[in-house]
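First comes the structure, then the notes that go with it.
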Amino acid sequence: MNVLGIETSCDETGVAVYATDAGLRAHALYSQVALHAEYGGVVPELASRDHVRKLLPLIRQTLGEAGLRVEDLDGVAYTAGPGLVGALLVGAGVARALAWALQVPAIGVHHMEGHLLAPLLEDPALRPPFVALLVSGGHTQLVAVEAIGRYRLLGETLDDAAGEAFDKTAKLMGLPYPGGPQLAALAEQGRPGAFRFARPMTDRPGLDFSFSGLKTQVLLAWQGSDQGEQTRADIARAFEEAVVETLAIKCERALEATGHDTLIVAGGVGANRRLRAALEAMTARRGARVRFPRPAFCTDNGAMIAFAGALRLAAGLHDDAAVRVHARWDM
Ligand code: KG4
Ligand code: ZN
């Protein structure tokens with residue numbers, strides 16, 4: 001079964017073809033980052049319009065790279081939420097129209113389930129049960145994955161998501177949008193121990209997170225400093241260490257609480273090098289293991305949607321013909 005996957009929940013247009021027998025056949029991504037940079041954040045209306053411009057050419061390109069004609073598709077999967085409604089509607093509308101024209105089934109996929117299953121794209125031998133850490137710009141969650149489709153929320157952020165905390169902290173120290181990856185790059189030049197920030201909510205039991213107080217600590221440290229280049233790098237490093245250590249502590253607790261010995265990490269912050277190293281060290285110490293998708297499949301992409309959709313379509317599931325999307329949607 002050749003399944004086309006379409007991701008348009010935010011500011012990336014992602015397209016891929018996943019074959020249930022041959023795996024990922026092709027994938028392509030167009031990022032709108034440059035479009036939104038001058039506004040300091042994603043402008044929903046501009047995002048929708050750009051998805052309209054880019055989606056069909058990207059589908060053509062992906063089919064070409066896969067060596068397929070559109071008639072070779074056996075199903076279509078699209079992100080149905082959560083995300084920006086206008087942006088979601090572009091992907092859902094195109095997916096539905098294509099499926100109708102081709103007379104093949106289509107299915108709406110939960111964006112976070114896509115992230116959650118992305119590590120399986122790389123490693124087909126990897127199977128639940130495992131603990132998943134989802135760390136993106138919009139979400140920070142620990143989920144027990146007992147089986148595909150059986151998810152139990154263990155903990156989540158009470159305020160900012162981890163990626164959001166990276167982005168906002170970068171912004172308050174004057175780094176251009178999108179700040180998260182730039183802050184992480186700057187942190188590499190930071191000196192250890194020059195600053196230290198709290199590890200929020202690690203001093204009490206539980207698996208929830210809170211990152212907004214950390215941002216305030218950074219603001220105070222930054223305002224009280226010489227605001228020089230080295231200081232900015234030093235603060236970036238201390239901030240990154242605080243987030244990473246907090247995430248690692250909670251991941252260890254989640255492994256402990258569930259008894260699972262596999263941790264998977266998904267979402268944009270999963271591209272962070274210090275986080276990868278900390279989770280490798282923590283799991284190695286416990287005799288457990290951690291798996292990350294490649295950085296391109298940590299951030300938003302069409303491959304994870306094609307894959308999650310293919311699992312359901314292959315099991316005979318699909319949605320009716322209505323174009324339905326959800327700005328907010330529980331997994
Ligand atoms: O999953 P994603 O591409 O989009 C959604 O939010 O769904 O995640 C984007 C987030 C942004 O907040 C970005 O700053 C963060 O992931 N991010 C990083 C790194 N790369 C991306 N944060 C820390 N270190 C990185 N290397
Ligand atoms: Zn995402």
Side-chain angles (χ1 to χ4, degrees), residues 5-14 29-33 36-37 40-42 44 47 78-84 87-88 91 109-119 132-141 143 156-157 160-173 175-190 209 211-212 214-215 218 236-237 239-248 264-279 292-305 307-308 327-329 331:
I6 296 177
E7 155 65 35
T8 62
S9 67
C10 190
D11 59 346
E12 327 265 358
T13 317
L29 186 80
Y30 173 78
S31 172
Q32 303 179 351
V33 159
H36 301 290
V42 178
Y78 57 94
T79 305
L84 303 170
L88 288 165
V109 172
H110 194 291
H111 180 80
M112 298 313 289
E113 183 178 31
H115 277 306
L116 200 74
L117 301 180
L133 173 69
L134 298 177
V135 270
S136 71
H139 293 262
T140 298
Q141 298 183 329
V143 180
E156 64 184 335
T157 183
D160 291 351
E164 189 181 2
F166 264 91
D167 295 334
K168 287 180 174 172
T169 300
K171 193 170 180 178
L172 70 84
M173 291 202 292
L175 294 175
Y177 168 89
Q182 299 206 35
L183 191 77
L186 196 61
E188 306 272 317
Q189 265 89 62
F209 304 92
F211 291 113
S212 75
L214 203 50
K215 192 179 55 197
V218 170
R237 175 170 181 148
F239 166 81
E240 188 180 69
E241 282 175 349
V243 173
V244 164
E245 200 179 308
T246 303
L247 292 171
I264 68 112
V265 182
V269 185
N272 186 275
R273 282 181 39 197
R274 194 180 305 274
L275 178 64
R276 288 180 172 236
L279 296 179
F292 307 89
R294 71 181 88 158
F297 293 164
C298 278
T299 50
D300 290 349
N301 65 85
M304 65 183 193
I305 302 303
F307 178 67
R328 294 172 168 277
W329 187 14
M331 188 157 58

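One-based numbering, in listed order, for ligands and for the atoms of each.
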Counting each atom of ligand 1 from 1 as listed, which ones have a heavy atom of [X] under 4.0 Å away?
{"X": "Thr299", "result": "3 (O)"}
{"X": "His111", "result": "7 (O)"}
{"X": "Ser136", "result": "1 (O), 5 (C), 6 (O), 7 (O), 8 (O)"}
{"X": "Gly138", "result": "6 (O)"}
{"X": "Pro181", "result": "14 (O), 20 (N), 21 (C)"}
{"X": "Gly180", "result": "14 (O)"}

Next on the checklist: Residue-level breakdown please: for Glu12 versus ligand 1, do any non-hydrogen atoms fall below 4.0 Å on the side chain, on the backbone, on both, or on neither?
Outcome noted: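 The answer is neither.
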Item to check | Within-shell test, Arg273 vs ligand 1, heavy atom, strictly < 4.0 Å | outcome: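 No, Arg273 has no heavy atom closer than 4.0 Å to ligand 1.
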Checklist entry - Protein N, O or S atoms less than 2.8 Å from the Zn ion (ligand 2), ignoring waters? => result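 Listed by chain and number, the atoms are His111 NE2, His115 NE2, Asp300 OD1.
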Item to check | Residue list, side-chain contact (heavy atoms from CB on, under 4.5 Å) with Ser136, at least two apart or on another chain | outcome: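 Partners of Ser136 by the side-chain contact (heavy atoms from CB on, under 4.5 Å) criterion, ordered by chain and then number, come out as Met112, His139.
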Item to check | Contact summary for Ile6 and Gly91, nearest pair of heavy atoms | outcome: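 Where Ile6 meets Gly91 most closely, the heavy atoms are CG2-CA, 3.9 Å.
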Next on the checklist: Restricting to non-hydrogen atoms, name the atom on Phe211 and the atom on Ala165 that form the minimum distance, rounded to 0.1 Å.
Outcome noted: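 Closest heavy-atom pair between Phe211 and Ala165: CB-CB, 3.8 Å.
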Item to check | Residue that, paired with Ser9, satisfies side chain to side chain contact (heavy atoms under 4.5 Å, CB included) out of Ile305, Val109, Leu88 | outcome: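 Among Ile305, Val109, Leu88, the one meeting side chain to side chain contact (heavy atoms under 4.5 Å, CB included) with Ser9 is Leu88.
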Are [X] and [Y] close enough that some pair of their side-chain heavy atoms sits under 4.5 Å apart?
{"X": "Leu275", "Y": "Val243", "value": "no"}
{"X": "Glu240", "Y": "Leu183", "value": "no"}
{"X": "Leu279", "Y": "Leu133", "value": "yes"}
{"X": "His110", "Y": "Leu116", "value": "no"}
{"X": "Glu156", "Y": "Val143", "value": "no"}

Checklist entry - With ring centroids as reference points, do Phe166 and Phe239 lie under 6.0 angstrom apart? => result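 Yes, the ring centres sit under 6.0 Å apart.
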Next on the checklist: Considering Asn301, Val244, Asp300 one by one, which has a heavy atom nearer to atom 3 (O) of ligand 1 than any of the others?
Outcome noted: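 Comparing heavy atoms across Asn301, Val244, Asp300, the nearest one to atom 3 (O) of ligand 1 lies in Asp300.
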Checklist entry - When you measure from atom 6 (O) of ligand 1 to each heavy atom in Ala187, Ala271, Gly137, Gly267, which option holds the nearest one? => result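 Result: the heavy atom closest to atom 6 (O) of ligand 1 is in Gly137.
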Checklist entry - Ignoring hydrogens and geometry, is there a side-chain-to-backbone donor-acceptor pair from Arg328 to Pro82 under 3.5 Å? => result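 Not confirmed, Arg328 side chain does not pair with Pro82 backbone.
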Checklist entry - Quick check: does any side chain N or O of Thr8 sit under 3.5 Å from a backbone N or O of Ala87, one acting as donor and the other as acceptor? => result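 Looks like yes, one N/O pair under 3.5 Å.
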Which protein heavy atom lies closest to [atom], and at what distance to 0.1 Å?
{"atom": "atom 11 (C) of ligand 1", "answer": "Asp167 OD2, 3.5 Å"}
{"atom": "atom 26 (N) of ligand 1", "answer": "Asn272 CA, 3.6 Å"}
{"atom": "atom 1 (O) of ligand 1", "answer": "Gly268 N, 3.0 Å"}

Item to check | side-chain hydrogen bond (donor to acceptor under 3.5 Å, both in side chains) partner of Glu7, chosen from Asn301, Thr79, Thr13 | outcome: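 Filter result, single survivor: Thr79.
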Item to check | Ala184 N/O under 3.5 Å from ligand 1 N/O | outcome: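 No; every N/O pair is 3.5 Å or more apart.
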